[in-house]
Amino acid sequence: GGGGASRVVRGAPAFLPGGRGPGEMPRRSRLTPWLLSAPALVLFLVLLLVPLLMTLLLSFNGFSFYGGIEPTYGLANYLEVLGDGYFYEVFGRTFLIALATTLICAVVGVPQAYFLFRMRPMWRSIMLLVVLGPLLISVVVRTLGWAILLGNRGVINEALMKLGLVSSPLKMMYTSGGIVLALVHVMMPFMILAVWAALQRQDPATEQAAESLGAGPFTVFRRIVLPQAMPGVLSGSLIVFSLSASAFATPAILGGRRVKMVSTTVYDEFLNTLNWPLGAAIAMLLLVSVLIIMAAWNRLVERRHAGVFA
(Lines give C-alpha, C1' and ligand atoms only; values in the text may rest on other atoms or scores of the structure.)
Protein backbone atom coordinates (compact mmCIF):
# COMPACT_ATOMS: atom_id res chain seq x y z
CA GLY A 1 0.00 0.00 0.00
CA GLY A 2 1.00 3.59 -0.04
CA GLY A 3 -0.40 7.07 0.18
CA GLY A 4 0.40 7.17 3.91
CA ALA A 5 -2.67 5.00 4.67
CA SER A 6 -2.67 3.71 8.20
CA ARG A 7 -2.52 -0.01 8.66
CA VAL A 8 -3.66 -2.12 11.61
CA VAL A 9 -1.37 -4.98 12.52
CA ARG A 10 -3.26 -8.03 13.67
CA GLY A 11 -2.33 -9.30 17.09
CA ALA A 12 -1.03 -5.92 18.22
CA PRO A 13 -2.30 -4.95 21.70
CA ALA A 14 -5.14 -2.48 21.67
CA PHE A 15 -5.10 0.40 24.09
CA LEU A 16 -7.99 2.21 25.65
CA PRO A 17 -8.15 6.00 25.87
CA GLY A 18 -5.76 7.30 28.44
CA GLY A 19 -3.09 4.69 27.66
CA ARG A 20 -4.70 1.80 29.59
CA GLY A 21 -4.40 -1.73 28.37
CA PRO A 22 -7.44 -3.99 27.90
CA GLY A 23 -6.85 -5.81 31.19
CA GLU A 24 -6.51 -2.70 33.27
CA MET A 25 -9.61 -1.36 35.00
CA PRO A 26 -9.89 2.22 36.13
CA ARG A 27 -9.44 2.66 39.84
CA ARG A 28 -12.95 4.06 40.13
CA SER A 29 -14.38 0.92 38.47
CA ARG A 30 -12.61 -1.31 40.97
CA LEU A 31 -13.98 0.69 43.88
CA THR A 32 -17.56 0.79 42.56
CA PRO A 33 -18.67 -2.59 44.06
CA TRP A 34 -17.29 -1.61 47.46
CA LEU A 35 -18.92 1.81 47.32
CA LEU A 36 -22.27 0.28 46.40
CA SER A 37 -21.94 -2.25 49.24
CA ALA A 38 -20.82 0.33 51.79
CA PRO A 39 -24.29 1.12 53.24
CA ALA A 40 -25.06 -2.57 53.76
CA LEU A 41 -21.62 -3.22 55.23
CA VAL A 42 -21.98 -0.31 57.66
CA LEU A 43 -25.44 -1.55 58.66
CA PHE A 44 -24.05 -5.05 59.15
CA LEU A 45 -21.20 -3.70 61.25
CA VAL A 46 -23.41 -1.52 63.46
CA LEU A 47 -26.31 -3.93 63.98
CA LEU A 48 -24.45 -7.24 64.23
CA LEU A 49 -20.73 -7.06 64.85
CA VAL A 50 -20.79 -4.21 67.38
CA PRO A 51 -23.48 -5.84 69.60
CA LEU A 52 -21.64 -9.16 69.39
CA LEU A 53 -18.39 -7.52 70.44
CA MET A 54 -20.13 -5.74 73.31
CA THR A 55 -21.72 -9.02 74.43
CA LEU A 56 -18.35 -10.76 74.28
CA LEU A 57 -16.73 -8.07 76.43
CA LEU A 58 -19.66 -8.15 78.85
CA SER A 59 -19.27 -11.91 79.31
CA PHE A 60 -15.87 -11.37 80.95
CA ASN A 61 -17.16 -8.86 83.54
CA GLY A 62 -17.63 -9.79 87.17
CA PHE A 63 -21.00 -9.64 88.94
CA SER A 64 -22.28 -9.38 92.48
CA PHE A 65 -25.92 -9.39 93.57
CA TYR A 66 -25.41 -6.27 95.66
CA GLY A 67 -23.10 -4.29 93.38
CA GLY A 68 -24.26 -5.47 89.96
CA ILE A 69 -21.80 -5.55 87.08
CA GLU A 70 -18.25 -5.06 88.33
CA PRO A 71 -15.36 -3.56 86.31
CA THR A 72 -13.30 -6.72 86.68
CA TYR A 73 -12.52 -9.20 83.96
CA GLY A 74 -12.03 -12.94 84.02
CA LEU A 75 -13.35 -16.34 82.98
CA ALA A 76 -15.53 -16.85 86.05
CA ASN A 77 -18.80 -16.76 84.06
CA TYR A 78 -17.60 -19.35 81.54
CA LEU A 79 -16.24 -21.57 84.32
CA GLU A 80 -19.59 -21.34 86.11
CA VAL A 81 -21.48 -22.46 83.00
CA LEU A 82 -19.03 -25.24 82.13
CA GLY A 83 -18.93 -26.49 85.72
CA ASP A 84 -22.69 -26.70 86.35
CA GLY A 85 -24.61 -29.77 85.19
CA TYR A 86 -27.81 -27.70 84.92
CA PHE A 87 -26.42 -25.80 81.96
CA TYR A 88 -25.33 -29.03 80.27
CA GLU A 89 -28.92 -30.22 80.53
CA VAL A 90 -30.22 -26.96 79.04
CA PHE A 91 -27.74 -27.04 76.16
CA GLY A 92 -28.42 -30.72 75.49
CA ARG A 93 -32.18 -30.17 75.41
CA THR A 94 -31.76 -27.18 73.11
CA PHE A 95 -29.66 -29.09 70.59
CA LEU A 96 -31.94 -32.15 70.70
CA ILE A 97 -35.00 -29.99 69.99
CA ALA A 98 -33.15 -28.21 67.17
CA LEU A 99 -31.99 -31.56 65.73
CA ALA A 100 -35.48 -33.07 65.88
CA THR A 101 -36.92 -29.98 64.20
CA THR A 102 -34.29 -30.14 61.46
CA LEU A 103 -34.85 -33.86 60.79
CA ILE A 104 -38.63 -33.50 60.56
CA CYS A 105 -38.32 -30.47 58.29
CA ALA A 106 -35.94 -32.42 56.02
CA VAL A 107 -38.13 -35.53 55.87
CA VAL A 108 -41.29 -33.54 55.11
CA GLY A 109 -39.76 -30.63 53.22
CA VAL A 110 -37.66 -32.47 50.62
CA PRO A 111 -40.59 -34.39 49.03
CA GLN A 112 -42.74 -31.28 49.21
CA ALA A 113 -40.05 -29.25 47.44
CA TYR A 114 -39.82 -31.95 44.76
CA PHE A 115 -43.58 -31.87 44.20
CA LEU A 116 -43.35 -28.09 44.01
CA PHE A 117 -40.59 -28.44 41.42
CA ARG A 118 -42.67 -30.81 39.25
CA MET A 119 -45.86 -28.73 39.34
CA ARG A 120 -47.12 -26.63 36.48
CA PRO A 121 -46.32 -22.92 36.75
CA MET A 122 -49.84 -21.88 37.77
CA TRP A 123 -50.15 -24.45 40.57
CA ARG A 124 -46.55 -23.80 41.59
CA SER A 125 -47.35 -20.13 42.16
CA ILE A 126 -50.33 -21.06 44.33
CA MET A 127 -48.30 -23.56 46.35
CA LEU A 128 -45.51 -21.02 46.84
CA LEU A 129 -48.06 -18.69 48.42
CA VAL A 130 -49.16 -21.54 50.69
CA VAL A 131 -45.55 -22.28 51.67
CA LEU A 132 -44.69 -18.63 52.25
CA GLY A 133 -47.96 -17.90 54.04
CA PRO A 134 -46.70 -18.71 57.56
CA LEU A 135 -43.79 -16.28 57.09
CA LEU A 136 -46.28 -13.45 56.66
CA ILE A 137 -47.59 -13.94 60.21
CA SER A 138 -45.68 -13.07 63.37
CA VAL A 139 -43.96 -15.96 65.16
CA VAL A 140 -45.67 -14.91 68.38
CA VAL A 141 -49.12 -15.07 66.77
CA ARG A 142 -48.40 -18.50 65.28
CA THR A 143 -47.10 -19.79 68.62
CA LEU A 144 -50.17 -18.50 70.44
CA GLY A 145 -52.25 -20.36 67.88
CA TRP A 146 -50.40 -23.57 68.75
CA ALA A 147 -51.00 -22.86 72.45
CA ILE A 148 -54.74 -22.75 71.74
CA LEU A 149 -54.49 -26.06 69.88
CA LEU A 150 -52.26 -27.90 72.35
CA GLY A 151 -53.68 -26.71 75.69
CA ASN A 152 -55.38 -29.06 78.16
CA ARG A 153 -58.70 -27.52 77.13
CA GLY A 154 -57.49 -26.81 73.62
CA VAL A 155 -58.99 -27.77 70.30
CA ILE A 156 -57.10 -31.06 69.95
CA ASN A 157 -57.83 -32.37 73.45
CA GLU A 158 -61.47 -31.30 73.26
CA ALA A 159 -61.89 -33.13 69.95
CA LEU A 160 -60.17 -36.29 71.24
CA MET A 161 -62.32 -36.39 74.40
CA LYS A 162 -65.57 -35.78 72.49
CA LEU A 163 -64.66 -38.63 70.13
CA GLY A 164 -64.03 -40.87 73.12
CA LEU A 165 -60.42 -41.56 72.13
CA VAL A 166 -59.04 -40.30 75.45
CA SER A 167 -60.60 -39.94 78.89
CA SER A 168 -58.37 -37.14 80.11
CA PRO A 169 -56.48 -34.37 78.31
CA LEU A 170 -53.13 -35.28 76.78
CA LYS A 171 -50.22 -33.24 78.07
CA MET A 172 -48.91 -31.35 75.05
CA MET A 173 -48.25 -27.90 76.46
CA TYR A 174 -44.98 -27.30 78.31
CA THR A 175 -43.32 -30.29 76.67
CA SER A 176 -40.40 -30.67 74.29
CA GLY A 177 -42.71 -32.33 71.75
CA GLY A 178 -45.00 -29.30 71.67
CA ILE A 179 -42.02 -27.00 71.08
CA VAL A 180 -40.75 -29.22 68.24
CA LEU A 181 -44.18 -29.30 66.60
CA ALA A 182 -44.50 -25.52 66.64
CA LEU A 183 -40.89 -25.00 65.48
CA VAL A 184 -41.46 -27.34 62.53
CA HIS A 185 -44.39 -25.17 61.47
CA VAL A 186 -42.22 -22.06 61.77
CA MET A 187 -39.10 -23.46 60.04
CA MET A 188 -40.61 -25.60 57.28
CA PRO A 189 -40.69 -22.82 54.62
CA PHE A 190 -36.92 -22.32 54.94
CA MET A 191 -36.23 -25.98 54.19
CA ILE A 192 -38.69 -26.17 51.29
CA LEU A 193 -37.39 -23.03 49.61
CA ALA A 194 -33.75 -24.08 50.00
CA VAL A 195 -34.34 -27.53 48.46
CA TRP A 196 -36.57 -26.13 45.72
CA ALA A 197 -33.86 -23.63 44.76
CA ALA A 198 -31.33 -26.47 44.53
CA LEU A 199 -33.66 -28.52 42.34
CA GLN A 200 -33.87 -25.65 39.85
CA ARG A 201 -30.34 -26.58 38.73
CA GLN A 202 -31.26 -30.21 38.17
CA ASP A 203 -31.16 -31.63 34.66
CA PRO A 204 -34.59 -33.22 33.90
CA ALA A 205 -32.90 -35.54 31.40
CA THR A 206 -31.35 -37.53 34.27
CA GLU A 207 -34.78 -38.53 35.56
CA GLN A 208 -35.96 -39.45 32.08
CA ALA A 209 -32.86 -41.53 31.51
CA ALA A 210 -33.40 -43.43 34.77
CA GLU A 211 -37.05 -44.07 33.92
CA SER A 212 -36.11 -45.32 30.46
CA LEU A 213 -33.80 -47.85 32.13
CA GLY A 214 -36.67 -49.22 34.20
CA ALA A 215 -36.19 -47.35 37.50
CA GLY A 216 -39.34 -46.83 39.55
CA PRO A 217 -40.46 -43.48 41.01
CA PHE A 218 -38.97 -44.21 44.45
CA THR A 219 -35.65 -45.31 42.94
CA VAL A 220 -35.50 -42.22 40.75
CA PHE A 221 -36.16 -40.02 43.77
CA ARG A 222 -33.60 -41.81 45.96
CA ARG A 223 -30.81 -42.28 43.41
CA ILE A 224 -31.26 -39.25 41.14
CA VAL A 225 -33.26 -36.46 42.77
CA LEU A 226 -32.07 -36.68 46.37
CA PRO A 227 -28.31 -36.53 45.64
CA GLN A 228 -28.81 -33.49 43.41
CA ALA A 229 -30.94 -31.85 46.11
CA MET A 230 -28.24 -32.26 48.79
CA PRO A 231 -26.89 -28.69 48.47
CA GLY A 232 -30.38 -27.44 49.25
CA VAL A 233 -30.80 -29.94 52.09
CA LEU A 234 -27.47 -28.78 53.52
CA SER A 235 -28.29 -25.07 53.37
CA GLY A 236 -31.84 -25.65 54.60
CA SER A 237 -30.72 -27.80 57.53
CA LEU A 238 -28.13 -25.20 58.55
CA ILE A 239 -30.76 -22.46 58.52
CA VAL A 240 -33.36 -24.54 60.38
CA PHE A 241 -30.92 -25.84 63.01
CA SER A 242 -29.41 -22.44 63.80
CA LEU A 243 -32.79 -20.70 63.99
CA SER A 244 -34.30 -23.50 66.10
CA ALA A 245 -31.39 -23.55 68.55
CA SER A 246 -31.66 -19.79 69.09
CA ALA A 247 -35.48 -19.49 68.96
CA PHE A 248 -37.02 -17.64 71.88
CA ALA A 249 -40.73 -16.87 71.39
CA THR A 250 -41.83 -20.45 70.74
CA PRO A 251 -39.93 -22.09 73.66
CA ALA A 252 -40.94 -19.26 76.00
CA ILE A 253 -44.67 -19.61 75.25
CA LEU A 254 -44.97 -23.38 74.78
CA GLY A 255 -42.19 -24.44 77.15
CA GLY A 256 -42.87 -22.02 79.96
CA ARG A 257 -40.83 -22.47 83.13
CA ARG A 258 -40.72 -26.26 82.81
CA VAL A 259 -38.85 -26.76 79.54
CA LYS A 260 -35.81 -24.53 79.62
CA MET A 261 -33.80 -23.81 76.49
CA VAL A 262 -30.68 -21.70 76.13
CA SER A 263 -32.53 -18.66 74.80
CA THR A 264 -35.00 -18.62 77.71
CA THR A 265 -32.15 -19.17 80.17
CA VAL A 266 -30.32 -16.13 78.76
CA TYR A 267 -33.56 -14.14 79.09
CA ASP A 268 -33.87 -15.15 82.75
CA GLU A 269 -30.29 -14.17 83.52
CA PHE A 270 -30.71 -10.77 81.89
CA LEU A 271 -34.15 -9.79 83.15
CA ASN A 272 -34.86 -11.89 86.25
CA THR A 273 -31.58 -12.31 88.12
CA LEU A 274 -30.04 -9.29 86.33
CA ASN A 275 -26.78 -11.21 85.95
CA TRP A 276 -25.92 -9.78 82.55
CA PRO A 277 -22.33 -11.12 82.39
CA LEU A 278 -23.49 -14.70 82.99
CA GLY A 279 -26.26 -14.31 80.42
CA ALA A 280 -23.75 -12.93 77.92
CA ALA A 281 -21.42 -15.88 78.56
CA ILE A 282 -24.27 -18.36 77.94
CA ALA A 283 -25.19 -16.54 74.72
CA MET A 284 -21.60 -16.60 73.47
CA LEU A 285 -21.28 -20.31 74.25
CA LEU A 286 -24.49 -20.95 72.31
CA LEU A 287 -23.13 -18.98 69.35
CA VAL A 288 -19.81 -20.85 69.35
CA SER A 289 -21.50 -24.24 69.78
CA VAL A 290 -23.91 -23.65 66.89
CA LEU A 291 -21.07 -22.46 64.63
CA ILE A 292 -19.01 -25.58 65.43
CA ILE A 293 -21.95 -27.91 64.79
CA MET A 294 -22.81 -26.14 61.53
CA ALA A 295 -19.20 -26.25 60.31
CA ALA A 296 -18.90 -29.96 61.15
CA TRP A 297 -22.21 -30.79 59.44
CA ASN A 298 -21.24 -28.77 56.38
CA ARG A 299 -17.91 -30.57 56.08
CA LEU A 300 -19.49 -33.99 56.60
CA VAL A 301 -22.15 -33.51 53.91
CA GLU A 302 -19.70 -32.01 51.42
CA ARG A 303 -17.33 -34.95 51.87
CA ARG A 304 -20.14 -37.48 51.53
CA HIS A 305 -21.53 -35.85 48.39
CA ALA A 306 -18.36 -34.36 46.95
CA GLY A 307 -19.50 -34.98 43.35
CA VAL A 308 -22.64 -32.88 43.81
CA PHE A 309 -20.81 -29.94 45.39
CA ALA A 310 -17.94 -29.97 42.84
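Owing to the predicted nature of the structure, the values given are computational and were not obtained by experimental measurement. Side chains included, hydrogens not; waters and symmetry mates left out as well; all remaining heavy atoms used.
As a member of the Ile/Leu/Val/Met/Phe/Trp/Tyr network built from side-chain separations under 4.5 Å, V141 groups with I137.
Here the side chain of S242 pairs a donor or acceptor atom with the backbone of I239 at under 3.5 angstrom. A donor-acceptor contact shorter than 3.5 Å is absent between the side chain of T264 and the backbone of K260. Checking side-chain atoms of N152 against main-chain N and O of P169 turns up no donor-acceptor pair under 3.5 Å. A donor-acceptor contact shorter than 3.5 Å links the side chain of T94 to the backbone of V262.
V81 and Y86 end up in the same hydrophobic cluster when Ile, Leu, Val, Met, Phe, Trp and Tyr side chains are linked at under 4.5 Å. One hydrophobic cluster, built from ILVMFWY side chains closer than 4.5 Å, holds both M172 and V155. By the criterion of side-chain heavy atoms lying less than 4.5 angstrom apart, applied directly or through intervening Ile, Leu, Val, Met, Phe, Trp or Tyr residues, L47 is not grouped with L53; the two fall into different hydrophobic clusters. Cluster membership check: V46 does not share its hydrophobic cluster with W34, using side-chain heavy-atom separations under 4.5 Å among Ile, Leu, Val, Met, Phe, Trp and Tyr. No chain of hydrophobic side-chain contacts below 4.5 Å, direct or via other Ile, Leu, Val, Met, Phe, Trp or Tyr residues, connects V288 to Y78.
Between L234 and M230, the closest side-chain pair of non-hydrogen atoms is not below 4.5 Å. Annotation: side chain of T101 is not in contact with side chain of V186 (no heavy-atom distance under 4.5 Å). Considering only heavy atoms from C-beta on, W196 stays 4.5 Å or farther from V131 through its side chain. Side-chain contact check for F63 versus L278: every heavy-atom pair is 4.5 Å or farther apart. Counting only heavy atoms from C-beta outward, the side chains of D268 and R257 approach each other to under 4.5 Å. Contact annotation: the side chain of P251 never approaches that of V259 to less than 4.5 Å [non-hydrogen atoms, C-beta and beyond].
Ring geometry for F270 against W276 counts as tilted: the plane angle lies between 30° and 60°, on a 0 to 90° scale. Ring planes of F95 and F91: tilted class, angle from 30 to 60°.
Rounded to the nearest 0.5 Å, atoms CE (M187) and OG1 (T102) are 8.5 Å apart. Taken to the nearest 0.5 Å, the CG atom of N157 stands 11.0 Å off from the NZ atom of K171. Separation of atoms CG (N275) and CG (N61) is listed at 10.5 Å; rounding is to 0.5 Å. Here the straight-line distance linking atom CZ of R124 with atom CZ of F117 works out to 7.5 Å at 0.5 Å rounding. For the atom pair CG (L57) and CG (L52), the distance works out to 11.0 Å, reported to the nearest 0.5 Å. Once rounded to the nearest 0.5 Å, the distance linking OG of S237 with CG of L99 reads 10.5 Å.
Scanning for ring pair (Phe, Tyr, Trp, His ring centres under 6.0 Å) contacts around Y88 gives an empty result, with sequence neighbours left out.
Around CE of M119, the count of heavy atoms belonging to other residues, nucleotides or ligands within 6.0 Å exceeds 12. Applying the 6.0 Å contact sphere to OH of Y267 captures no more than 12 heavy atoms from other residues, nucleotides or ligands. Within a 6.0 Å radius of OH in Y174, no more than 12 heavy atoms belonging to other residues, nucleotides or ligands are found.
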Set out, in order, the CA-CA distance, both residues' side-chain angles and the distance that settles side chain to side chain contact (heavy atoms under 4.5 Å, CB included) for L183 and L243, then state yes or no.
CA-CA 9 Å; L183 284 176; L243 292 179; over 6 Å; no

Assess whether side chain to side chain contact (heavy atoms under 4.5 Å, CB included) is satisfied between L150 and T175, documenting all intermediate values.
CA-CA 10 Å; L150 302 177; T175 62; over 6 Å; no

List the steps and the verdict of side chain to side chain contact (heavy atoms under 4.5 Å, CB included) for V195 and L116.
CA-CA 10 Å; V195 177; L116 185 66; over 6 Å; no

Please report the C-alpha distance between L286 and I282 in whole Å, then the side-chain angles of each, then the deciding distance to 0.1 Å, and finally whether the side chain to side chain contact (heavy atoms under 4.5 Å, CB included) criterion is met.
CA-CA 6 Å; L286 174 63; I282 298 173; 5.7 Å; no

